[in-house]
Amino acid sequence: MAKLKTNRGAAKRFRKTASGRFKHRQGYRNHILTKKATKRKRQLRTPGLIAKVDTPAVARMLPYL
């Protein structure tokens, strides 16, 4: 069987956790930060988890993770 290609866009955005789920970086944290509250910016620091229904799709894009 041929080797599968990794989706490079997905590889830069998602990392696998020890339990097999995928985490991602939150959006809305790049620019125009002065008008955003400190609490909001702090909460955007924590990585989010991909929903369980979307996990198979991400896993297909990242076959060797």
Side-chain angles (χ1 to χ4, degrees):
M1 187 173 143
K3 288 193 255 184
L4 299 173
K5 285 198 173 185
T6 297
N7 181 307
R8 298 312 295 163
K12 293 167 189 174
R13 287 171 172 81
F14 305 117
R15 295 283 175 264
K16 203 167 200 179
T17 64
S19 63
R21 294 187 70 185
F22 290 95
K23 61 182 179 179
H24 68 89
R25 188 168 163 263
Q26 300 274 13
Y28 300 100
R29 180 106 167 94
N30 277 329
H31 60 97
I32 315 175
L33 296 172
T34 50
K35 64 172 75 171
K36 293 172 187 151
T38 308
K39 178 182 178 179
R40 183 175 165 194
K41 291 185 283 192
R42 183 172 61 247
Q43 288 172 340
L44 288 171
R45 263 186 239 148
T46 61
L49 286 175
I50 299 295
K52 286 191 177 179
V53 294
D54 296 325
T55 300
V58 176
R60 268 196 306 276
M61 289 190 270
L62 305 169
Y64 299 108
L65 277 188

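The other members of the hydrophobic cluster of Val58, by chain and number, are Phe14, Phe22, Ile50, Met61, Leu62, Leu65 (side-chain heavy atoms under 4.5 Å, ILVMFWY only).
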Side-chain donor-acceptor pairs under 3.5 Å in residues 23-42, sequence neighbours left out?
unit_1 : atom_1 : unit_2 : atom_2 : d
Lys36  : NZ     : Tyr28  : O      : 3.3
Lys36  : NZ     : His31  : O      : 3.3
Lys41  : NZ     : Leu33  : O      : 3.1

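Under the side chain to side chain donor-acceptor pair (under 3.5 Å) criterion, the residue pairs touching residues 3-17 are Thr17-Ser19, with sequence neighbours excluded.
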